[in-house]
Amino acid sequence: MRHSFAAVCAAILGFVPLCAATAARAEPAHAIAMQGEPALPPDFKVPPYVNAEAPQGGTVRYCVFGNFDNLNPVIVRGALTTARGIWLDKEFGNLVFEPLMQRSPDEPFTMYGLLAKTVETDDKRSFVEFHLDPRAKFSDGTKVTPEDVLFTVRMLREYGRPMYANWLRPAVKIEKVGDDGIRFTFDETADRETPLLISGLPVLPEHAFDEKTFERTTLKPVIGSGPYVIDDVKPGQEITYRKNPDYWAKDLPIRAGTFNYDKVVIDYYRDSNAQFEAFKKGNCHVYLEGDPSHWRTAYDFPAVNDGRVVKETFETGAPANMLGFVFNTRRPVFADRQVRKALSMLFDFEWANKNLYYGAYQRTGSFFQNSELSALGRPASEKEKALLAPYPGDVDPAVMDGTYRPTVSDGSGSDRAVLREALKELQGAGYSFAGRRLVGPDGTPLSFEILVQSPEQEKMAEAYTRTLARLGIAASVRLVDDSQYQARKNAFDFDMIVAAYSASLSPGAEQAYRWSSEASTVNGSFNYAGAHDPAIDALIQKIVTARSREDFVAAVRAYDRILISGHYVLPLFHLPEQRLARWWFIRHPKTTPLYGYQLPNFWRDDAAAKQPPAQ
């Protein structure tokens, strides 16, 4: 029953009045933010990052690298070979399945009503209740119901990818409320992020799936409530999505100016060179560029020179991802933080950036670089000092006072000053020379293996090992195939790997899977470094329970200081902006949202397509 919340509170927290009062204060809302209030009011008409007058129609073609043989994107089986665009596609959007609420790309973490017209929670966020939009329906015309949500939860818990089970774990009770509502009641493990994660769940049509075969991969087009239906499937080669003319949410404000094409075609290529050649010929219309060398050298072809292909960069307000060499601290060679610090000093970024990457990169030093969450260059605030006080010695003084920066070399590949400083740190950890080799107190040589999965990583790792060799450190590089790499990474069977940690303006529960003591012992977790530190555990808890943005920022910065000081990762580099190339008739809004460009907000200008740019 809807009004049994006080009883649930009593069972969980041991008392009733406060919970009952909190529940009484909760009111249905159009949106929910991680901290503070949503930026857009209930009566907003158009998000500020779209063009509400964007032309509708035409076809856009994308080219991707890879293969596909599955159209069910939520199951464990076929997770790596699911067709792009159906669900949770960070580039192309959710074309077929939709969530209860839509995340705004212009706010740190705010969800606005989509399938769910309203959301309700209390101050403690001990529950969340959604009421479905009465207009919501699947592409076959069937109405979206609470029973579909219950079916989805059951399937995700039993057959879904692990992240769904993690999102749903705190939900101890899930029930239908009235004719159009669904309520999730949480246990004490829930935090402020839990209702937002739940609101991001897809809703699947119960009538369109066979529960007995749900876990199997399929090439039968799935049915969803999204703006497109699957029109044509050529396994491993191409998938075509066709706009649903009866899309139920086409007039919702949160959908204004989005999903503007009549057709979306995604072509698959097994070779990255063939993929780019297809773009050059106009067989696909947008190319997302992440290789600075390629960006500088590969675009000297006629369509660029005459203006038919446009190269663009986009500034974002999101933190840069952390790419780095990860030390597996489970291995004795990396157990000492001072050793990890010394080894981190020996990556010559200035040489690599100039000689390998055309100077395109900037050095990374923080897990939340280029955002207000970063501790880099900022002295610790009083709030941060209070959070860190129980863990004296965990934060390097230079990191605490904001003067820390990653080591800067002279770019020669053999900066003697840097080598001397690194050697001093290693000697402080008990290392000394035995002939030309650096050995520990027990005579064991300082040596390790860097496991890589691509020629690009191999090239970068070999540059690092050349510098290490100058101090008598015997590091080797091993390139393995994807299956072996994944197996060894999941079992933590490596000394060092290259890994990328995505960053956002709203870090939360995912940090526990990356850095918590509990995750360090779980094979397949993202705690590749084996971090096992009470300070990390405590600060993750502070992050996920912070109620004000001020407290949240202080907690994340303190957390950043702990991770930087731990030297679990040798930070590498990041691009200072997003880069893409597009054919001239593909256009985009003037305003770039906080998290960068959004391909679903682009459109095709067919009038321009008929008239090539003047040469």
Side-chain angles (χ1 to χ4, degrees), residues 28-32 38-57 60 73-74 85-90 92-107 110-119 130-149 152 179-182 196 198-208 221-231 241-264 589 593 598-603:
H30 73 296
I32 181 172
L40 302 178
D43 59 350
F44 80 93
K45 302 300 183 185
V46 178
Y49 48 83
V50 303
N51 174 13
E53 305 302 320
Q56 303 293 298
V60 66
V74 302
I86 299 174
W87 167 247
L88 274 192
D89 194 301
K90 65 180 181 179
F92 308 139
N94 302 323
L95 304 183
V96 177
F97 291 163
E98 287 186 311
L100 288 162
M101 306 188 79
Q102 179 67 42
R103 184 168 184 170
S104 168
D106 207 33
E107 300 171 56
T110 300
M111 305 292 286
Y112 288 87
L114 186 57
L115 288 172
K117 188 174 184 179
T118 63
V119 59
F130 306 98
H131 284 266
L132 299 174
D133 193 311
R135 297 166 291 182
K137 62 181 180 179
F138 296 107
S139 60
D140 63 358
T142 306
K143 185 176 181 179
V144 179
T145 68
E147 284 76 15
D148 293 309
V149 180
T152 300
D179 294 331
D180 62 358
I182 190 82
L196 283 82
I198 296 293
S199 74
L201 291 173
V203 177
L204 314 178
E206 182 176 17
H207 69 277
V222 291
I223 292 173
S225 61
Y228 292 86
V229 297
I230 298 174
D231 189 47
Y241 300 93
R242 173 174 47 83
K243 188 80 169 283
N244 177 9
D246 299 319
Y247 175 46
W248 74 273
K250 60 185 176 183
D251 295 324
L252 285 187
I254 197 64
R255 285 297 194 227
T258 64
F259 301 113
N260 301 307
Y261 306 107
D262 281 343
K263 280 190 176 182
V264 176
Q598 307 291 307
L599 291 182
N601 301 345
F602 285 34
W603 65 89

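When a residue number appears, it is its place in the shown sequence, counting from 1.
In this structure the side chain of Phe602 never reaches within 4.5 angstrom of the side chain of Val60, judged on heavy atoms. Side-chain contact between Tyr261 and Tyr228 is present, with at least one heavy-atom pair separated by less than 4.5 Å. For the pair Pro146/Leu132, a side-chain contact is recorded, criterion being any heavy-atom separation below 4.5 Å from C-beta on. Between Leu88 and Phe97, every side-chain heavy-atom pair lies at or beyond the 4.5 Å cut-off. Contact annotation: the side chain of Phe138 approaches that of Val144 to within less than 4.5 Å [non-hydrogen atoms, C-beta and beyond]. The side-chain heavy atoms of Val229 and Pro221, taken from C-beta on, include no pair separated by under 4.5 Å.
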Side-chain donor-acceptor pairs under 3.5 Å in residues 199-207, sequence neighbours left out?
| residue | atom | partner | partner atom | Å |
| --- | --- | --- | --- | --- |
| Ser199 | OG | Leu196 | O | 2.7 |
| His207 | NE2 | Asp140 | OD2 | 2.6 |
| His207 | NE2 | Thr142 | OG1 | 3.4 |

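The distance from atom CG of Asn260 to atom CD of Gln56, rounded to the nearest 0.5 Å, is 4.5 Å. Atom OG1 of Thr118 and atom CZ of Phe130 lie 9.5 Å apart (nearest 0.5 Å). From Ile32, atom CD1 reaches atom CD1 of Ile198 across 11.0 Å, with rounding to the nearest 0.5 Å. Atom-to-atom distance recorded for Leu252:CG and Leu115:CG is 9.5 Å, nearest 0.5 angstrom. Note that the CZ atom of Phe259 and the CG atom of Asn601 stand 8.0 Å from one another [nearest 0.5 Å].
With sequence neighbours excluded, the residues satisfying salt bridge (charged side-chain N to carboxylate O under 4.0 Å, His left out) with Asp133 are Arg135. For Tyr112, the ring-ring contact (aromatic ring centres under 6.0 Å, His included) partners are His30, Phe44, not counting sequence neighbours. With sequence neighbours excluded, no residue forms a ring-ring contact (aromatic ring centres under 6.0 Å, His included) with Tyr49. Tyr247 meets the ring-ring contact (aromatic ring centres under 6.0 Å, His included) test with no other residue; sequence neighbours excluded. Residues that satisfy the salt bridge (charged side-chain N to carboxylate O under 4.0 Å, His left out) test with Asp180, not counting sequence neighbours, are absent from this structure. Among residues two or more places apart in sequence or in another chain, the side-chain contact (heavy atoms from CB on, under 4.5 Å) test is passed with Arg103 by Phe109, Met111, Ser506, Tyr595. Scored by the side-chain hydrogen bond (donor to acceptor under 3.5 Å, both in side chains) test, Ser225 finds Glu98 as partners (sequence neighbours excluded). Take Thr145 and apply the side-chain hydrogen bond (donor to acceptor under 3.5 Å, both in side chains) test, not counting sequence neighbours, and it matches Glu147, Asp148. In terms of the side-chain contact (heavy atoms from CB on, under 4.5 Å) criterion, residue partners of Pro48 (sequence neighbours excluded) are, by chain and number, Leu40, Asp106.
Counting heavy atoms of neighbouring residues, nucleotides and ligands inside a 6.0 Å radius, atom NZ of Lys250 exceeds 12 of them. Atom NZ of Lys243 is surrounded by more than 12 heavy atoms from other residues, nucleotides or ligands within 6.0 Å.
Contact detail for Ala256 and Pro47: the closest heavy-atom pair is CB-CD, 4.2 Å. In terms of heavy-atom proximity, His131 sits nearest to Gly181 at ND1-CA, 3.6 Å.
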